[in-house]
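Comments concern the structure below.
Read the numbers this way: they start at 1 and go in the same order the structure lists the ligands and their atoms.
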Amino acid sequence: MRNKAIFFDRDGTLNVDVHYLHEPEKFIWVEGAIEAIRWANAHGYLVIVVTNQSGIARGYYDEAAVHRLHDWMNMELAKCGTHIDAFYYCPHHTEGSVPAYTKQCDCRKPAPGMLLKAIAEHDIDPAASFLFGDAESDVVAAENAGVQGVRYTGGSLADCVRGAVR
Ligand SMILES: [Mg+2]
Ligand SMILES: [Zn+2]
């Protein structure tokens with residue numbers, strides 16, 4: 001049997017969007033985010049983050065900083081007995097300042113590249129999976145990958161997840 005997953009956008013969905021976040025000190029969990037992740041774990045879903053990180057292309061921070069932040073997130077979640085199974089990020093942007101990352105890519109949402117990669121690497125059934133994100137581009141990326149996309153518009157993320165996943 002293939003796996004099922006709940007994908008989450010990061011900034012504005014799991015954490016308060018402070019723009020180009022890369023320092024744990026500035027990370028604030030959204031209401032119900034940890035509870036939503038725990039619920040997904042408990043209901044047999046892989047939890048996978050898919051996040052556009054154009055700050056890398058813009059030279060605001062590097063890939064190592066993103067990995068450090070994601071490791072920190074999982075350390076915090078471990079204290080609450082839960083975890084994120086995988087993180088995917090897009091470091092690209094067409095108007096970057098770092099040549100290696102300045103390009104049109106197929107992974108920046110609304111393109112589905114990050115989801116398609118996760119689906120292949122984790123043997124995920126897209127039709128049994130969901131994505132939650134605060135932007136229309138998240139929902140479009142999900143639909144482009146055959147995953148049900150749900151717009152998170154505020155309030156408890158856990159309530160949003162429990163209401164949509166059945
Ligand atoms: Mg967002
Ligand atoms: Zn990309």
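Geometry about the Zn ion (ligand 2) gives an angle of 100° between ND1 of His92 and SG of Cys105, rounded in steps of 10 degrees.
Proximity of the aromatic rings of Tyr88 and His70 is defined here by a centroid distance below 6.0 angstrom, and this criterion is not met.
Annotation: protein N, O or S atoms under 2.8 Å of the Mg ion (ligand 1) (waters excluded) comprise Asp9 OD2, Asp11 O, Asp134 OD1.
Checked against Lys109 for a salt bridge (Lys or Arg N to Asp or Glu O under 4.0 Å), the options Asp138, Asp11, Asp134 give a single hit: Asp138. With Tyr61 as the partner, the side-chain hydrogen bond (donor to acceptor under 3.5 Å, both in side chains) test is satisfied by one option alone out of Glu23, His22, Gln53: Gln53.
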Problem set entry | Derivation and outcome, side chain to side chain donor-acceptor pair (under 3.5 Å), residues Tyr89 and Arg10 | CA-CA 10 Å; Tyr89 60 89; Arg10 199 191 78 187; over 6 Å; no
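Clustering ILVMFWY residues whenever any of their side-chain heavy atoms sit less than 4.5 angstrom apart, transitively, puts Val150 in the very cluster that holds Trp39. Under the 4.5 Å side-chain heavy-atom criterion for ILVMFWY residues, a single connected hydrophobic cluster contains both Leu14 and Phe132.
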